[in-house]
Amino acid sequence: MAVEGITHRRVEVNGINMHIAEKGEGPVVLLVHGFPELWYSWRHQITALAAAGYRAVAPDLRGYGETDAPQSPAEYSIFHIVGDLVALIDVLGQDQVFVVGHDWGASIAWQLSLFRPDKVRALVNMSVAFSPRSSKGRPLQSLRATFGQDYYIVRFQDSGAAEALFAKHGEESLFKRFFSYREPAPLFISYLDITPGEQVHLPPWLTEEDIRYYASRFEKTGFTPALNYYRSMDRNWELTAPWAGAQIKVPTKFIVGDLDLTYHSPGVQDYIQKGGFKRFVPLLEEVVVMKEVGHFINEEKPEEINDHIISFLQKF
């Protein structure tokens, strides 16, 4: 997918070949995408950041798009994923970078900032607030108890089952379904099970060309590599035991839509608004809750998000 002025290359990081899209000259801004997204999710931010005097770099994460997809689920731990980004920062010739994350990309950016705060000059994260490691046990046990067996993350654990459902409907219909979700409520797998003959409509901020690009990349890789991120959640909980109770100590701005399903998870709004979030992210400078905006915030409201990112980065 050609976007004006954006160049593409593959670089070797952490034992894999990673595809990156980049544009601009100046301080590096590393853009970390979520599920089921790609570098392309940042196309609006890449061009805006370049115009504002930054070098925007957006990788396809491990297992996505044109980046290598190791076969073993064990190679999708948080140490592998963060290790890829640390190696990428080194390949780019940088000691520190600005980081912007969304969805899974936000979770990864939090962990990068936790493990290697020396690499992060400042952070803008969207959708997923930092969640301290629970002392009550593995996350999947908690999610299953809270939301039930049909909750999408729980169902994603069944190797092959989610892939079969996705294959049943085809990538283009599935992406329309994913990107159209605007309910301030948990996502259950039944939402993704499209009724035969049902017309799945695009959200107004995406085009058929956008959907075809997403679909073409996932037709190539399949969904298993991306689902391996979810399938590593319990293992990541075990691996991060040494960081229990640790704080994120980089300057941070957080942005979420008020229709985002993550913002309506039990306890999240109180955590964000009543001091819990600030306790674990003491350099949190601003929380922005955007009205009438769903989960895929950087694509749905690109101009507003660009302004939020750039105004924050310009402080440093």
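Computed from a predicted model, the values in this text were never measured in an experiment. These values consider heavy atoms only, across backbone and side chains, with no hydrogens, waters or symmetry-generated copies.
Residue pairs meeting the side-chain hydrogen bond (donor to acceptor under 3.5 Å, both in side chains) criterion with at least one partner in residues 238-252, sequence neighbours excluded, are R138-E238. For residues 114-125, the side-chain hydrogen bond (donor to acceptor under 3.5 Å, both in side chains) pairs, not counting sequence neighbours, are D90-K119, R116-D118. Residue pairs meeting the salt bridge (Lys or Arg N to Asp or Glu O under 4.0 Å) criterion with at least one partner in residues 300-310, sequence neighbours excluded, are R182-E300.
The ring-ring contact (aromatic ring centres under 6.0 Å, His included) search around F254 returns F277, not counting sequence neighbours. Residues satisfying the ring-ring contact (aromatic ring centres under 6.0 Å, His included) test with Y214, not counting sequence neighbours, are Y40, F175, F179. For the salt bridge (charged side-chain N to carboxylate O under 4.0 Å, His left out) test, no residue two or more places apart in sequence or in another chain qualifies with E183. In this structure E172 satisfies the salt bridge (charged side-chain N to carboxylate O under 4.0 Å, His left out) test with no other residue, sequence neighbours excluded. In terms of the ring-ring contact (aromatic ring centres under 6.0 Å, His included) criterion, residue partners of F312 (sequence neighbours excluded) are, by chain and number, F316. For K136, there are no salt bridge (charged side-chain N to carboxylate O under 4.0 Å, His left out) partners at least two apart in sequence or on another chain. A search for ring-ring contact (aromatic ring centres under 6.0 Å, His included) contacts involving F35 returns F156, F178, Y230, not counting sequence neighbours.
For E286 and K253, the salt-bridge test passes: some basic side-chain N is under 4.0 Å from an acidic carboxylate O. Residues E163 and R231 are paired through a salt bridge, judged by an N-O separation under 4.0 Å between the basic side chain and the carboxylate.
If you take CD1 on I6 and CD on E22, they are separated by 10.5 Å, rounding to the nearest 0.5 Å.
Sparse packing is recorded around CD of Q141, with 12 or fewer heavy atoms of other residues, nucleotides or ligands lying under 6.0 Å away.
A centroid separation of less than 6.0 Å is found between the aromatic rings of H19 and H8. Aromatic pair F188/Y152: centroids not less than 6.0 angstrom apart.
W237 belongs to no hydrophobic cluster, as no Ile, Leu, Val, Met, Phe, Trp or Tyr side chain comes under 4.5 Å of its own. Under the 4.5 angstrom side-chain criterion for Ile, Leu, Val, Met, Phe, Trp and Tyr, the cluster partners of I194 are V200.
Of the possible donor and acceptor atoms, none in the side chain of S180 sits under 3.5 Å from a partner among the backbone N and O of R177.
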